[in-house]
Amino acid sequence: MTNQSVDCGCDQIIQPLLSTNEALETLTKAAISTNQVEMVKLDGALNRILACDVRSSINVPGFDNSAMDGYAINLKEDQINTPGGFAFEIVDRIPAGSTGNELSPGCAARIFTGAPIPKEANTVIMQEECELIENDTKIEIYRPISLNENIRPMGNDIASGDIILDKGHRLKPQDIALAASVGVETLRVFQRIKVGVFFTGDELVKPGCELKPGQIYNSNRYALVAMLNNLNCDIINLNTIKDTLKDTTDALASLKDSCDLIMTTGGVSVGEEDHVKPAVESLGELNLWRIKMKPGKPLAFGKVGNTAFIGLPGNPVSAMVTFLLFARPFIKKLQGCTHYLNTSYKVAANFDWHRSKPRREFVRVQLDQSSIPAKANQYPKQGSEVLSSMAWADGLAEIKEKTTFKQGEIINFYPLNEMMS
Ligand code: AMP
Ligand code: MG
């Protein structure tokens with residue numbers, strides 16, 4: 001816990017209307033990466049962020065070895081690239097994990113994939129191309145043979161001293177395998193960040209309970225916890241709190257000293273039932289942004305004590321979309337990730353955009369991959385409360401503000417499967 005996770009500059013900026021780019025830039029600029037590190041074993045390293053470069057102290061492979069099951073041969077000079085029809089006496093057998101003896105000219109060693117090439121062998125012929133003759137004591141090969149066939153040279157993958165993984169990299173299974181391949185047993189990673197969460201709204205009910213009139217189930221709690229788990233955060237969850245200024249302030253106060261970030265959903269508008277703003281302000285500072293985007297106009301950003309605070313909107317689609325577009329890059333930067341921004345891809349809109357809108361829209365779309373570029377089809381209901389649109393969608397299509405276009409327009413697409421991992 002750094003307790004120094006944000007420099008929100010709240011005293012200088014009170015910006016009521018922000019573009020999505022401005023909001024993202026302000027947020028990510030404000031995120032101060034953690035400097036707390038720990039060592040983890042490889043099995044515990046998945047999705048952790050490397051706190052230093054990883055260098056290899058060995059060559060991989062560490063020795064020239066066979067790429068095939070076959071025969072290693074010491075070809076004589078006059079046998080190289082000539083029409084073939086040569087016989088070689090089998091004098092050795094080298095399974096993976098053992099070493100063979102030096103081969104004399106004109107001799108062969110039975111060899112298996114991954115086994116070291118014996119001294120003086122200069123090529124390997126796969127077994128399917130060799131005919132065993134004279135009671136299996138010799139092989140004959142009926143094609144021209146070149147030097148260095150099927151030999152994987154030492155250091156072909158990694159040379160000793162190479163940086164194999166960079167600081168700030170989020171570890172995926174292939175990275176963990178790569179570290180293992182050079183004999184690294186533990187990795188230095190940044191400590192997980194602690195995120196405190198609670199949810200405002202007296203209408204909210206826990207799934208499994210019966211709904212009374214006017215009540216709804218608390219879906220944001222599950223969305224937020226799952227998305228934070230995806231990002232490998234430590235979560236302190238206070239669940240739903242009563243919608244009063246005192247309860248909101250108490251919840252913030254109880255989290256502020258033990259968290260790097262506090263997140264809430266709902267209550268960030270300026271209605272009289274919205275207590276997040278005054279509560280945060282009583283303990284720190286807050287900017288209440290109206291971002292020119294749909295879904296998800298209101299987003300609160302500030303600090304409670306020295307702990308960063310992000311208040312997401314209450315509407316479920318808005319909460320998820322603002323989390324993915326703004327909170328996720330912010331959190332990844334706090335975690336020490338070098339590549340914290342979302343990646344977009346180009347797709348073709350499979351719809352017309354008739355009316356120019358003042359706000360940028362993030363439309364829930366499915367991709368039809370049967371053509372190039374893929375075509376994006378909209379979910380028919382795009383309301384910020386229509387959670388089915390998120391479950392249906394492959395991703396978010398970005399429609400810039402003040403634009404109109406015809407079907408076929410190339411637009412940015414943010415895949416959910418990438419942002420939800
Ligand atoms: P608010 O920002 O608190 O005014 O909430 C906006 C809308 O989102 C209202 O319709 C709320 O009922 C709904 N909402 C707020 N919090 C949640 C939640 N945790 N789960 C589902 N819907 C919510
Ligand atoms: Mg509310």
Side-chain angles (χ1 to χ4, degrees), residues 16-18 23 195-230 233 235-252 255 261-282 286-302 304 309-328 359 361-362 364 379 381-393 416 420:
L17 263 171
L18 282 186
V195 184
V197 296
F198 64 87
F199 305 88
T200 74
D202 286 344
E203 70 279 28
L204 300 176
V205 172
K206 202 171 158 229
C209 299
E210 210 175 308
L211 289 178
K212 299 206 180 86
Q215 293 184 324
I216 61 168
Y217 287 117
N218 183 352
S219 59
N220 287 346
R221 178 224 171 278
Y222 295 91
L224 193 55
V225 166
M227 291 188 294
L228 290 169
N229 273 327
N230 265 342
C233 298
I235 304 168
I236 302 176
N237 185 359
L238 303 185
N239 285 298
T240 309
I241 60 147
K242 278 186 74 186
D243 232 346
T244 68
L245 181 58
K246 179 168 185 323
D247 286 84
T248 313
T249 313
D250 287 351
L252 292 170
L255 292 171
L261 169 66
I262 300 173
M263 296 191 77
T264 60
T265 69
V268 286
S269 304
V270 283
E272 56 208 67
E273 295 292 331
D274 297 315
H275 304 293
V276 170
K277 183 173 158 59
V280 174
E281 279 173 342
S282 72
L286 190 83
N287 286 312
L288 193 54
W289 293 339
R290 284 183 301 139
I291 302 176
K292 284 184 274 181
M293 67 177 278
K294 205 176 153 193
K297 190 155 61 172
L299 183 74
F301 173 55
V304 180
F309 173 83
I310 296 178
L312 301 175
N315 274 309
V317 178
S318 307
M320 286 188 109
V321 170
T322 48
F323 179 94
L324 296 174
L325 296 182
F326 302 110
R328 186 172 184 274
R359 290 195 272 161
E361 298 212 9
F362 290 89
R364 271 75 68 217
Y379 193 71
K381 295 179 217 160
Q382 293 285 335
S384 58
E385 77 296 2
V386 182
L387 206 40
S388 354
S389 68
M390 285 298 285
W392 174 90
L416 282 180
M420 294 291 193

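From a predicted model like this one, the values you see are computed outputs, not experimental measurements. Counting starts at 1 for both ligands and their atoms, in listed order.
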Should you measure from each heavy atom of [X], which atoms of ligand 1 turn up under 4.0 Å away?
{"X": "L204", "result": "16 (N), 17 (C), 18 (C), 19 (N), 20 (N), 23 (C)"}
{"X": "S219", "result": "20 (N), 21 (C)"}
{"X": "Y217", "result": "20 (N), 21 (C)"}
{"X": "I216", "result": "12 (O), 21 (C), 22 (N), 23 (C)"}
{"X": "G267", "result": "1 (P), 2 (O), 3 (O)"}
{"X": "N218", "result": "18 (C), 19 (N), 20 (N)"}

Item to check | N/O separation below 3.5 Å, R221 to ligand 1 | outcome: no

Item to check | Polar proximity ligand 1 side, V268 side, N/O cut 3.5 Å exclusive | outcome: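 No.
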
[X] versus [Y]: any side-chain heavy-atom pair under 4.5 Å?
{"X": "R359", "Y": "K297", "value": "yes"}
{"X": "M390", "Y": "V321", "value": "yes"}
{"X": "M420", "Y": "M320", "value": "yes"}
{"X": "L312", "Y": "F326", "value": "no"}

Checklist entry - What do we get for T240 next to ligand 1 when only non-hydrogen atoms under 4.0 Å count, side chain, backbone, both or neither? => result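 Within the 4.0 Å criterion, T240 makes no contact with ligand 1.
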
Checklist entry - For ligand 1, is any non-hydrogen atom under 4.0 Å from E203's backbone (N, CA, C, O), its side chain (CB onward), both, or neither? => result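 Near ligand 1, E203 shows its side chain, while the N, CA, C and O stay back.
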
Item to check | Sole residue of L204, D274, V276, D202 in side-chain contact (heavy atoms from CB on, under 4.5 Å) with D243 | outcome: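 It is D202; the other options fail the test.
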
